[in-house]
Structure formats: C-alpha cells, structure tokens
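Shown next, in structure tokens, is the structure this report addresses.
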Amino acid sequence: CLAWRSCVRRLLPSYVPSDREPVLVRLPFTGLCVVTVLCPLCGFLFCVIWSLIFNFEETTSTHCMVRNYLPSISSAIGGESPQRYVWRFCIGLHAAPRLLLALAYWKLYRRGPSSMAPHQTTLCVVNFIANLLENLALLILTYVSSTDNHRIHERAFLSFMATSQLHMLLTCTIWQRNRKPTVTPEERTSFSWKLRLFFFNVTCFTLAIGCYLRHNAYCEAGVYTLFALLEYMVVLSNMAFHMTAYWDFNNKELFIATWPPDKSF
C-alpha cells in the first residue's frame, strides 16, 4: 500500500523549494517507456484475437485458396473493422512518446565515454535518423492499409523493417563502444537483451521471407500460417527491444515545469 501511494505521489504535480519555479508534472521515465510499448502491444493483441474470433475467413484467406490458420499482420490490422481503428488509435497514441524517447537516447549516447570521437558522432546521427524513420514508416503503413494502396503499404513495411533493424544494429554497436569500466546491473541486462532481441528479430524476419516466397511458389497448406507466426515474432521482438529503455532510463524522470527566466540549463 505504501509503495502504491509512493508511485501515485510521484505521478502527481509536485513543487520544489521556493527558490525555484514549481514543477507541474513529475513522471518517472520508466512509466513513459511502459506506456509507449503497451499501446502497440495491446492494439496488436486485440487485432489478432478479434480477427481470429470474428473475421477468421476474411483475414486468413489467400490467393492460393489453401487452408490457413493465422491472419497476417496486414490483414489483422487493416483488413477489417474495428481492428483498423483500434490499431490506428494505438499507433497514433504512441507516436509522440516514441519521438521523445528517440531524443532521450540521442542525449544519452552523446554523453557516453567515446561520444567525442568523429565515428561515434556519425553513428549517433544515423541511429537517431533511423529511429525517426522507423516511427514514420510505422505511421504510414498503419494509416495506409494494403487494401487502400498496396504499393505504398508494401514500401512502408519494407522501410519499417530496414530502419528498425538498422536502428537495432547501431544501438547495439553504440552500446558496445560506450561501455564503461564499471557497468551497472541494469546496463548489463539492457545490453544483453538488446543483442538477443536483435539476433532473434533478424532470424525471424529471414525465416518469414523464406516462408512467404515458398507460399507464393508452391501454395502449400500451413506455410502462410508459419509466415504469419514469424511476423508476430518480428513485431513482438521489436516491441521488446524498445522496452529495454526501461533499464536505460530507470533512474530518470520527466519534468514539466515553468522555465526560470533568471536561469539557464
């Protein structure tokens, strides 16, 4: 009960001593990370489960007309309603915090031990741009479904996969180069999971491409189901990778306050 009260108190507006301006909102950054990941996760689970229960035939049918047991992500999130509206709401809701997290990571990496090296600056810039483009591509493929415009949806999906995996690779590289002589347990856990999730994501995506090509070539029953399952693993591992921000910012807080006119930061 005391822990719950303490957590709630931290989320409510608080004030600092009179020699400073009042802080309007004080929010743990870990809470922002959790909410940012929960939005697409809940939307994804809702769309898949709803499609399986109420739109099974519509979302699992393919041009081959073979038996399929799982809807692809494109069919689940954009093919029927209310799935498309729930997914668009969740992705739109999480887009702004994702931009804030991208900026927070930029600041974090620029304060690393090797941040002044020219190659490190280039890595940070490219990683920041990849993070922004990943979020933009996700918004495009969300609001332009495959039934609305298949060409734009397909290109947005490919852009999303390319930028997301580039972001994962560069993030792992930056973390490896920024490792300090003394590493905290949170930093060790975060980096370990980043590596695992990156390799898992790349493996699942490679296998998914193979299943997709085999399905189009041979139209075998169950192959498209395996493709859809691997798609799920790709999306979930991407969400889990972004969830590692929970360890990266475990001691950080987000403040909304009045800018003091007589002080600079």
Side-chain angles (χ1 to χ4, degrees), residues 33-34 36-53 55-56 59-62 64 66-79 83-84 86-87 90-91 94 98 130-131 133-135 137-142 145-146 153-172 189-218 220-247:
C33 298
V34 171
T36 302
V37 174
L38 278 179
C39 284
L41 176 61
C42 293
F44 168 76
L45 294 176
F46 172 84
C47 291
V48 172
I49 294 173
W50 189 280
S51 297
L52 287 173
I53 296 175
N55 302 109
F56 182 81
T59 57
T60 58
S61 62
T62 65
C64 291
V66 295
R67 192 63 179 170
N68 182 33
Y69 305 100
L70 287 175
S72 66
I73 292 180
S74 296
S75 298
I77 68 174
Q83 296 95 304
R84 71 176 71 180
V86 171
W87 178 251
C90 291
I91 295 301
H94 106 298
R98 275 285 302 275
N131 199 348
L133 292 178
E134 176 191 352
N135 196 28
L138 179 59
L139 287 171
I140 294 175
L141 70 89
T142 294
S145 66
S146 57
H153 182 84
E154 181 182 34
R155 291 186 176 182
F157 173 76
L158 293 176
S159 299
F160 169 76
M161 289 307 308
T163 53
S164 66
Q165 293 188 349
L166 177 62
H167 167 64
M168 290 182 184
L169 174 62
L170 293 178
T171 297
C172 294
T189 301
S190 177
F191 181 60
S192 175
W193 275 107
K194 280 179 170 64
L195 285 176
R196 296 176 191 175
L197 291 167
F198 168 65
F199 287 115
F200 181 78
N201 185 276
V202 172
T203 301
C204 289
F205 182 62
T206 303
L207 293 174
I209 293 176
C211 290
Y212 182 78
L213 295 176
R214 185 175 182 88
H215 166 75
N216 287 335
Y218 299 103
E220 298 169 317
V223 175
Y224 199 76
T225 300
L226 183 58
F227 162 75
L229 181 61
L230 289 168
E231 260 195 326
Y232 299 169
M233 296 300 103
V234 170
V235 169
L236 292 174
S237 60
N238 178 274
M239 295 180 190
F241 188 92
H242 288 290
M243 188 61 202
T244 59
Y246 185 91
W247 292 300

Check the angle between the aromatic planes of His167 and Phe241 and answer parallel, tilted or perpendicular using the 30° and 60° thresholds. perpendicular
Calculate, to the nearest 0.5 Å, the distance between atoms [atom1] and [atom2] belonging to [X] and [Y] respectively.
{"X": "Cys64", "Y": "Asn216", "atom1": "SG", "atom2": "CG", "result": "6.5 Å"}
{"X": "His215", "Y": "Ser72", "atom1": "NE2", "atom2": "OG", "result": "9.5 Å"}
{"X": "Leu229", "Y": "Tyr224", "atom1": "CG", "atom2": "OH", "result": "13.0 Å"}
{"X": "Leu169", "Y": "Ser164", "atom1": "CG", "atom2": "OG", "result": "11.0 Å"}
{"X": "Ser237", "Y": "Phe199", "atom1": "OG", "atom2": "CZ", "result": "13.0 Å"}

Run the side-chain hydrogen bond (donor to acceptor under 3.5 Å, both in side chains) test on Ser74 and His153 for me, step by step, so that the C-alpha distance in whole Å, both residues' side-chain angles and the decisive distance to 0.1 Å come before the verdict. CA-CA 9 Å; Ser74 296; His153 182 84; 3.1 Å; yes
Would you check if [X] and [Y] make a side-chain contact, meaning some heavy-atom pair closer than 4.5 Å?
{"X": "Asn238", "Y": "Leu197", "result": "no"}
{"X": "Cys211", "Y": "Leu230", "result": "yes"}
{"X": "Ser159", "Y": "Leu133", "result": "no"}
{"X": "His242", "Y": "Glu134", "result": "yes"}
{"X": "Thr171", "Y": "Met168", "result": "no"}
{"X": "Asn55", "Y": "Trp50", "result": "yes"}
{"X": "Phe191", "Y": "Thr244", "result": "no"}
{"X": "Leu52", "Y": "Leu70", "result": "yes"}

Looking only at heavy atoms, which two atoms of [X] and [Y] are closest? And how far apart?
{"X": "Pro71", "Y": "Ser51", "result": "CG-CB, 4.2 Å"}
{"X": "Val86", "Y": "Gly43", "result": "CG1-CA, 4.4 Å"}
{"X": "Cys39", "Y": "Cys90", "result": "O-CB, 3.3 Å"}
{"X": "Phe198", "Y": "Gln165", "result": "CE1-O, 3.7 Å"}

Take atom CZ of Phe56 as the centre, draw a 6.0 Å sphere, and report whether it contains more than 12 heavy atoms from other residues, nucleotides or ligands. yes
Can you establish whether the number of heavy atoms outside Tyr246 located under 6.0 Å from its atom OH is more than 12? no
Just to verify, what does Arg84 make a salt bridge (Lys or Arg N to Asp or Glu O under 4.0 Å) with, not counting sequence neighbours? none
Taking only residues two or more places apart in sequence or in another chain, which ones pass salt bridge (Lys or Arg N to Asp or Glu O under 4.0 Å) with Glu220? Arg214
Checking Met239 against Phe44 for the side-chain contact (heavy atoms from CB on, under 4.5 Å) test, could you report, in this order, the C-alpha distance in whole Å, the side-chain angles of both residues, the deciding distance, and whether it holds? CA-CA 11 Å; Met239 295 180 190; Phe44 168 76; 4.1 Å; yes
Verdict with reasoning, Arg155 to Ile140, per side-chain contact (heavy atoms from CB on, under 4.5 Å): CA-CA 9 Å; Arg155 291 186 176 182; Ile140 294 175; over 6 Å; no
Any pair with a residue in residues 203-213 that passes side chain to side chain donor-acceptor pair (under 3.5 Å), sequence neighbours left out, goes on the list, sorted by first then second residue, please. none
Please list, chain by chain and in numerical order, all residues satisfying side chain to side chain donor-acceptor pair (under 3.5 Å) with Thr60, sequence neighbours excluded. none
Residues in side chain to side chain donor-acceptor pair (under 3.5 Å) with Thr62, at least two apart? none
Take Val48 and Leu45, measure what side-chain contact (heavy atoms from CB on, under 4.5 Å) needs, and give me the verdict at the end. CA-CA 5 Å; Val48 172; Leu45 294 176; over 6 Å; no
Any donor-acceptor pair under 3.5 Å from [X] side chain to [Y] backbone:
{"X": "Asn201", "Y": "Val234", "value": "yes"}
{"X": "Glu231", "Y": "Ile73", "value": "yes"}
{"X": "His94", "Y": "Ile91", "value": "yes"}
{"X": "Thr225", "Y": "Tyr69", "value": "yes"}

Yes or no on side-chain hydrogen bond (donor to acceptor under 3.5 Å, both in side chains) for Ser192 and Thr189, after CA distance, side-chain angles and deciding distance? CA-CA 5 Å; Ser192 175; Thr189 301; over 6 Å; no
Step-by-step side-chain contact (heavy atoms from CB on, under 4.5 Å) determination, Met233 to Phe200: CA-CA 8 Å; Met233 296 300 103; Phe200 181 78; 4.0 Å; yes
Residues that Cys42 engages under disulfide (SG to SG under 2.5 Å), provided they are two or more places apart: none
